[in-house]
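Submitted below is the structure of interest, expressed as structure tokens.
Because only heavy atoms are used, hydrogens play no part in the values below, and waters and symmetry mates are left out as well, while side chains stay in. Read the numbers this way: they start at 1 and go in the same order the structure lists the ligands and their atoms.
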Amino acid sequence: MSELILFLAEQGKTIKSGFLKSQDKAGTRNMYGEEQMALDKWADDVLIKGLKKTRLVRYIATEEQPVIIEIENPKNQFGVVIDPLDGSSLIDVNLAVGTIIGIYPGNVLDKGKNMIAAMYILYGPLTTLTLSAGNGVCDFVMDEKGEFNLTAQDIRIPDAKLYAPGALRKDYLPAHAKFIEELENEGYKLRFSGSFVADMHQILHKGGVFTYPGYAGKEKGKLRLLFEANPIGKIITDAGGAISNGRTDILEMKPTAIDDITPIYAGGKKEIRLIEKMIAESQSG
Ligand code: AHG
Ligand code: MN
Ligand code: MN
């Protein structure tokens, strides 16, 4: 697994080197009907080609591919789930974007709690790598030589009043509206960039809660269970936080298909308990 993690970290450098080449749209759509950026496809290509060449894993599922890729003669049985570039609509305005990866012992259509490692590389003013592989959550920062140096170990999410609320307020479902109102009354400050990985990195270090809820007309929300919710969910959970769909722990969900989507509440345990309580009450009453 360490060979795989080192290999993936190395790909972050290559992905980053593509940023200067193009900030344009690719003219194609992914399986969610979303417009792909040239860099979404670049990052996807870098990772898939590299993994095929090294044969370090057996299964690859990515946000940009409609089916699970199975590698011939793999050296290991690992399955990886990848959001090659998260927040890619922000590339042209130079905001932070990232690569999110989860590693399973085998099949990728598995519960998030069975992941053996999760990581993300965040391309901002610094290029950082955040990893949880059984020894707590660690941060690394890329230096001028392109090497990742450990900067923080056993990261724990602090208790703080930040909130990152996705979706449109006019479409909020009643329990969610109540939750947001409560956070605002408590003095939570708004922090939403449009890049899940960047917003969650802030929540991991500064505390609070990120949410992309289900909403009127799209009760499952927008974000992807395999590629976004689960890897970030493992990291935030391993840091003492939690991730929920508003009813239950997302890491307990058994995926039905690679493109499953889910409402997301991720951050401090206190905030996650509050939304679960509010949704349960709205259903019982
Ligand atoms: P991606 O760039 O991988 O398609 O993901 C974008 C996601 C996520 O990063 C972010 O939280 C959310 O979409 C933002 O959506 P809105 O534009 O609806 O706020
Ligand atoms: Mn994404
Ligand atoms: Mn993406």
Do NZ/NE/NH1/NH2 and the carboxylate oxygens of E70 and R58 come within less than 4.0 Å?
yes
Taking the six-membered ring for Trp, is the centroid-to-centroid distance between F19 and Y123 below 6.0 Å?
yes
With Y163 as reference, evaluate E271, E184, K189 under the side-chain hydrogen bond (donor to acceptor under 3.5 Å, both in side chains) test and give the passing residue.
E184
Measuring centre to centre across the rings, with the benzene-like ring taken for any Trp, is F196 within less than 6.0 Å of F210?
yes
Salt bridge or not for E63 and R224, using N-O below 4.0 Å?
yes
Does atom CD (E219) have a neighbourhood of more than 12 heavy atoms from anything else shown, all under 6.0 Å?
yes
With 2.8 Å as the limit, jot down which protein N, O or S atoms are around the Mn ion (ligand 2).
D83 OD2, D86 OD1, E228 OE2
Indicate the ring-plane relationship of F179 and H176, choosing parallel, tilted or perpendicular according to the 30° and 60° boundaries.
tilted
Within the 4.0 Å heavy-atom cut-off around ligand 1, the contacting residues, ordered by chain and number, are E34, E63, D83, L85, D86, G87, S88, F192, G194, S195, F196, F210, Y212, K222, L223, R224, E228
Before accepting this row, confirm whether a basic side-chain N of the pair D159/K270 lies closer than 4.0 Å to the acidic partner's carboxylate O.
yes
Any ion pair linking K41 and E64 (charged N to carboxylate O, less than 4.0 Å)?
no
